[in-house]
Amino acid sequence: MPHPQAKIHRMYELVEPIATVTFSEVVNEAFLALGMRNYWDGYFAGRAAPLGPAPAEVVHAVFYNFADGEVARHIPWVWGKISPQEAIAVRERGSAAALRQRIGELADSPALVQVADLAIRAALSAPTEGRALYAGLRTLDVPQEPVARLWHAATLLREHRGDGHNAALLAHGIGGTESHVLMAVSLGMRAEEFGRIHHLPKAQLTAVVDGLRGRGLVNAAGEFTHAGREIKQRIEALTDELAAPAYDVLSADELDELIAGLEPIAAAAQAADD
């Protein structure tokens with residue numbers, strides 16, 4: 001029996017702060033120490049490594065929401081400095097250290113071991129078809145150490161959901177940069193203020209916003225129209241729906257136990273980031 005969509009969405013909220021420790025300063029410094037030139041070299045090396053030394057065009061397609069040319073500034077350059085296998089090891093080690101640092105004494109609690117085991121059961125159970133990044137992660141060895149195991153499970157669940165989110169965007173005709181503009185609008189921000197795209201040339205961003213306006217999704221003030229708000233809600237609902245199969249392996253009680261167990265860990269990870 002499928003789990004309620006609200007619980008699937010709650011899992012997204014709990015997994016996110018655990019998985020995204022991988023984008024923190026601890027991991028960044030580990031990559032810089034190995035010859036990466038900047039944060040984004042380490043980002044692309046770590047996140048793309050499960051795909052092997054794939055060309056920039058493939059990483060661009062799989063990651064979906066980077067502007068044209070952005071991936072190619074880092075890949076394949078990074079593979080001249082570090083192998084995908086080394087990047088995987090550096091990322092796992094640094095992410096586990098960062099998570100341990102953020103959650104303090106929770107890292108050594110028996111409850112975390114149980115939560116990590118439940119999370120990894122879900123994380124390894126979803127179908128891989130159409131989920132390139134998730135499939136790549138599934139080929140990696142699962143860490144035995146509980147904190148690393150929990151981070152790995154959260155990363156699998158995050159990228160499984162992310163692959164589904166890209167499919168939902170594609171199905172609704174929303175491109176990668178457009179998706180960031182819609183996210184900015186939903187947060188009440190102008191596109192040029194939004195972190196992931198603020199560095200893009202003004203003319204390029206203006207063209208994306210104009211395109212969304214032409215489709216009737218944003219108005220002249222750069223706010224959602226009714227149609228824009230509706231398409232954003234449909235994409236988010238479909239994303240939750242496509243994320244759900246990862247949790248089919250868990251009973252209703254096990255999913256409740258996983259959510260309850262993750263809540264203090266996610267809260268601690270989030271608080272350390274604020």
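Sequence positions, counted from 1, serve as the residue numbers for this chain. Only this structure's heavy atoms are used, side chains among them; waters, hydrogens and symmetry mates stay out.
To the nearest 0.5 Å, atom NE2 of residue His3 and atom CG of residue Leu255 are 5.0 Å apart. Here Ile231 contributes atom CD1 and Glu236 contributes atom CD; the two are 11.5 Å apart, rounded to the nearest 0.5 Å. Annotation: the span from Thr177 atom OG1 to Leu200 atom CG amounts to 6.0 Å, rounded to 0.5 Å. Put simply, CG on Asp163 and CD on Glu129 are 12.0 Å apart, with the number rounded to the nearest 0.5 Å. If you take CG on Leu118 and CD on Glu254, they are separated by 6.0 Å, rounding to the nearest 0.5 Å. In this structure, CZ in Phe23 is found 5.5 Å from CZ in Arg91, a value given to the nearest 0.5 Å.
The backbone N or O of Asn219 lies less than 3.5 Å from a partner atom in the side chain of Arg213, making a donor-acceptor pair. In terms of modelled atom types and a separation under 3.5 Å, the side chain of Asp41 and the main chain of Arg37 share a donor-acceptor contact. Checked by atom type and distance alone, the side chain of Glu159 never pairs as donor or acceptor with a backbone atom of Gly162 at under 3.5 Å. Using a distance-only test at 3.5 Å, with no hydrogens or angles considered, a donor-acceptor pair links the side chain of Trp151 to the main chain of Ala19. The main-chain N or O of Gly175 is found under 3.5 Å from a side-chain atom of Glu178 such that the two form a donor-acceptor pair. Between the side chain of Ser125 and the main chain of Ala246, a donor-acceptor pair closer than 3.5 Å is present. With Thr139 contributing its side chain and Gly136 its backbone, the two residues share a donor-acceptor pair below 3.5 Å. Of the possible donor and acceptor atoms, one in the side chain of Glu86 sits under 3.5 Å from a partner among the backbone N and O of Ser83. A donor-acceptor contact shorter than 3.5 Å links the side chain of Glu70 to the backbone of Ala67. Arg102 places no side-chain N or O within 3.5 Å of a backbone atom of Gln270 that could act as its donor or acceptor partner.
A salt bridge is defined here as a Lys NZ or Arg NE, NH1 or NH2 lying under 4.0 Å from an Asp or Glu carboxylate O, and Asp117 with Arg149 meets this definition. Salt-bridge formation is not detected for the pair Glu223/Arg229: no Lys NZ or Arg NE/NH1/NH2 atom is positioned less than 4.0 Å from an Asp or Glu carboxylate oxygen. Salt-bridge check for Arg100 with Glu145: passed, with a basic side-chain N closer than 4.0 Å to an acidic carboxylate O.
Taking the side chain to side chain donor-acceptor pair (under 3.5 Å) definition, one finds that Lys7 meets it with Asp256, sequence neighbours left out. Residues satisfying the ring-ring contact (aromatic ring centres under 6.0 Å, His included) criterion with His9, sequence neighbours excluded, are Tyr12. His160 pairs by the ring-ring contact (aromatic ring centres under 6.0 Å, His included) definition with Tyr134, not counting sequence neighbours. Looking at residues two or more places apart in sequence or on another chain, you find a side chain to side chain donor-acceptor pair (under 3.5 Å) between Glu16 and Arg158.
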(Q) Could you walk me through whether Leu250 and Glu257 satisfy the side-chain contact (heavy atoms from CB on, under 4.5 Å) test, starting with their C-alpha distance in whole Å, then the side-chain angles of each, then the deciding distance to 0.1 Å, before giving a yes or no? (A) CA-CA 10 Å; Leu250 303 180; Glu257 185 185 342; over 6 Å; no
Q) Given the rule in the side-chain contact (heavy atoms from CB on, under 4.5 Å) test, do Thr225 and Val218 qualify, once you have shown the distances and angles that lead to the verdict? A) CA-CA 5 Å; Thr225 60; Val218 297; 5.5 Å; no
**Q.** Worked verdict on Phe31 versus Phe44 for ring-ring contact (aromatic ring centres under 6.0 Å, His included)
**A.** CA-CA 11 Å; Phe31 275 114; Phe44 282 107; over 10 Å; no
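Residue Met189 places its CE atom among more than 12 non-hydrogen atoms of other residues, nucleotides or ligands, all under 6.0 Å distant.
Each of Leu133 and Ile120 belongs to its own hydrophobic cluster when Ile, Leu, Val, Met, Phe, Trp and Tyr are linked at side-chain heavy-atom distances under 4.5 angstrom. The hydrophobic cluster containing Phe66 does not contain Tyr64, counting ILVMFWY residues as joined when their side-chain heavy atoms lie under 4.5 angstrom apart, directly or transitively.
The side-chain heavy atoms of Arg47 and Val59, taken from C-beta on, include no pair separated by under 4.5 Å. Between Met36 and Asn28 the shortest side-chain heavy-atom distance does not fall below 4.5 Å. Put simply, the side chain of Arg138 reaches to within 4.5 Å of the side chain of Leu156, judged on heavy atoms. Using a 4.5 Å heavy-atom threshold, the side chains of Thr22 and Glu92 count as separate. Side-chain contact between Pro245 and Pro127 is present, with at least one heavy-atom pair separated by less than 4.5 Å. Ile103 is listed as a side-chain neighbour of Leu112, based on a closest heavy-atom distance under 4.5 Å. Put simply, the side chain of Asp68 reaches to within 4.5 Å of the side chain of His60, judged on heavy atoms. Between Leu34 and Val90 the shortest side-chain heavy-atom distance falls below 4.5 Å.
Chaining together hydrophobic side chains whose heavy atoms lie under 4.5 Å apart places Leu242 alongside Leu238.
In this structure, Val181 and Leu212 approach most closely via the heavy-atom pair CG1-CD1, 3.6 Å. Here the shortest heavy-atom pairing between Asn65 and Ser179 reads CB-OG, 4.0 Å.
The stretch residues 182-238 participates, sequence neighbours left out, in these ring-ring contact (aromatic ring centres under 6.0 Å, His included) pairs: His180-Phe194.
Between Tyr43 and Trp40, the ring planes lie perpendicular to each other; the angle is over 60°, past the 30° to 60° tilted range.
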